[in-house]
Visitor: 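Can you keep this structure in mind? I'll have questions shortly.
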Amino acid sequence: MQHTSYIEISKSAYQQNLQFLKEDIDPKTQISMVVKGNAYGHGIEIMVPLAEENGIRHFSTFSSDEALRVYEASQHQSQVMIMGMLQNEDLEEIIRKGISFFVFEFDRLEASIAAAKKLGIKAKIHVEVETGFHRTGFEWEDKEWLAHLLDENTDYLELKGLCTHYAGAESIANYVRVRNQIKNYKKIKKWFDSQEIKFEKYHTACSAATLLYPETKMDMVRLGIASYGFWPTQETYMYRFQSLPEDNKNPLKRLISWKSSIMNTKAVKMGDFIGYGSSYMAPRDMTIALIPIGYGHGYSRLLSNQGKVLIRGRVVSVVGTVTMNSIAVDVTDLEKVQKGDEVVIIGKQRDKEITIASFSESSQQVNYELLTRLPHDIPRRIVE
Ligand SMILES: *Cc1c(COP(=O)(O)O)cnc(C)c1O
């Protein structure tokens, strides 16, 4: 059965991104590919084997359900790490499968120790510490009790990591806050050192930190958005622009394209309203094409009368409101448009391109949001 649209993932773009990012990363520093949010909308089952083909052996997810999907999709016994949600009742299965996870509060720590005791298998934990993000992480005041528990339960715990997350390394406005976090992290690390509690890996960096704050890279970097070919923000790109070689000013390549096809075309008379309500009245005799994607597929209603797509190598505009399952676009000035023609919603067609950035700006979303809202059931396939 054909779907109303499909997503293509470019293998060569991924390889180029990885190559560019690796130039910045010491070979001894492990890359963990962040695949939360269904691999930023790209599809976990697509991205895990593709990353493994390119040497990646560590993946990070938000939750345990995603971690199990990575575990199933892996063909190389890659390590899987849960950075967020995990119910205590799922701990046993996660520990049995050798999946590691962040621990940021005593309840989870105690439950992990209990589960590990019962199974006779060590729980692989990453101790997350509060440095200034103020969402999750053990407080400085917790350190003695925490150290005591870690020390007392070495038979049940494998200390895989000591970690934290930065509160907006992608924006210079947060510079002071991030600097303070780095300082706080170092202080905590030093304190654990003084207690002779060692962790296998010290890790703090996301994409933006990796690109802008070299000292945050340590033993492992957790790369999300940049691996998918997006600068975390325009600022991050500007910051790095000067140092990029003349012949490669655009080293991060988007992996994703989103395509559909024309469902039907229709002639509309001047003065007719197009679609629901009266948001668009034809200013001349027009031909419109209907495309079978709408807000139900992640194409925001805010793109009503705003969005652009590519047909026959030309940029054409959405006319009228975005509905649940379709949009109408103005193809009056295109020759020989017909049912079945390819429509590019995100990506390239001939020499034209609709970038996610332009698309998400007009719908006031950031890249991260638009990508992860792409429905899971749109078929995805890898292309060269
Ligand atoms: C999402 C996330 C990352 C990756 O962030 P990017 O900006 O996409 O590179 C790293 N660490 C944690 C804890 C995260 O939640």
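Below, each value reflects all heavy atoms present in this structure, side chains not excepted, and no hydrogens, waters or symmetry copies. Numbering of ligands and ligand atoms starts at 1, following listing order. Residues: numbered from 1 along the sequence shown.
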Visitor: Side chain or backbone, does Ile225 bring an N or O within less than 3.5 Å of an N or O on ligand 1?
Guide: yes
Visitor: Purely on distance, is any nitrogen or oxygen of Ala226 under 3.5 Å from one on ligand 1?
Guide: no
Visitor: So which protein heavy atom does atom 10 (C) of ligand 1 come closest to, and at what separation?
Guide: Arg222 NE, 3.5 Å
Visitor: Counting only heavy atoms closer than 4.0 Å, does ligand 1 sit against the backbone of Glu170, its side chain, both, or neither?
Guide: neither
Visitor: Tell me which protein heavy atom sits closest to atom 5 (O) of ligand 1, plus the residue, atom name and distance to 0.1 Å.
Guide: Cys206 CB, 3.5 Å
Visitor: Are any of the side-chain nitrogens in Glu8 or Lys259 under 4.0 Å away from the carboxylate oxygens of its partner?
Guide: yes
Visitor: Please check if Ile382 and Met47 belong to a single hydrophobic cluster, counting links between Ile, Leu, Val, Met, Phe, Trp and Tyr side chain heavy atoms closer than 4.5 Å.
Guide: yes
Visitor: Identify which of Tyr368, Phe230, Phe62 has a heavy atom lying nearest to atom 7 (O) of ligand 1.
Guide: Tyr368
Visitor: Tell me whether the count of non-hydrogen atoms from other residues, nucleotides or ligands lying under 6.0 Å of CD in Glu215 goes above 12.
Guide: yes
Visitor: Should the proximity of Met83 to ligand 1, defined as any heavy atom under 4.0 Å, be assigned to the side chain, the backbone, both, or neither?
Guide: side chain
Visitor: Charged N to carboxylate O under 4.0 angstrom, Glu52 versus Arg57?
Guide: no
Visitor: Which protein heavy atom lies closest to atom 1 (C) of ligand 1, and at what distance to 0.1 Å?
Guide: Lys36 NZ, 1.4 Å
Visitor: Using a strict cut-off of 4.0 Å, indicate which atoms of ligand 1 neighbour a heavy atom of Ser207.
Guide: 6 (P), 9 (O)
Visitor: With a 6.0 Å cut-off (strictly less than), is the heavy-atom count around NZ of Lys183, excluding the residue itself, greater than 12?
Guide: no
Visitor: State, to 0.1 Å, how close Ser171 and Glu235 come at their nearest heavy-atom pair, and which atoms those are.
Guide: OG-OE2, 3.3 Å
Visitor: Enumerate the atoms of ligand 1 whose separation from the nearest heavy atom of Tyr40 is less than 4.0 angstrom.
Guide: 1 (C), 4 (C), 5 (O), 6 (P), 8 (O)
Visitor: Are any of the side-chain nitrogens in Glu353 or Arg254 under 4.0 Å away from the carboxylate oxygens of its partner?
Guide: yes
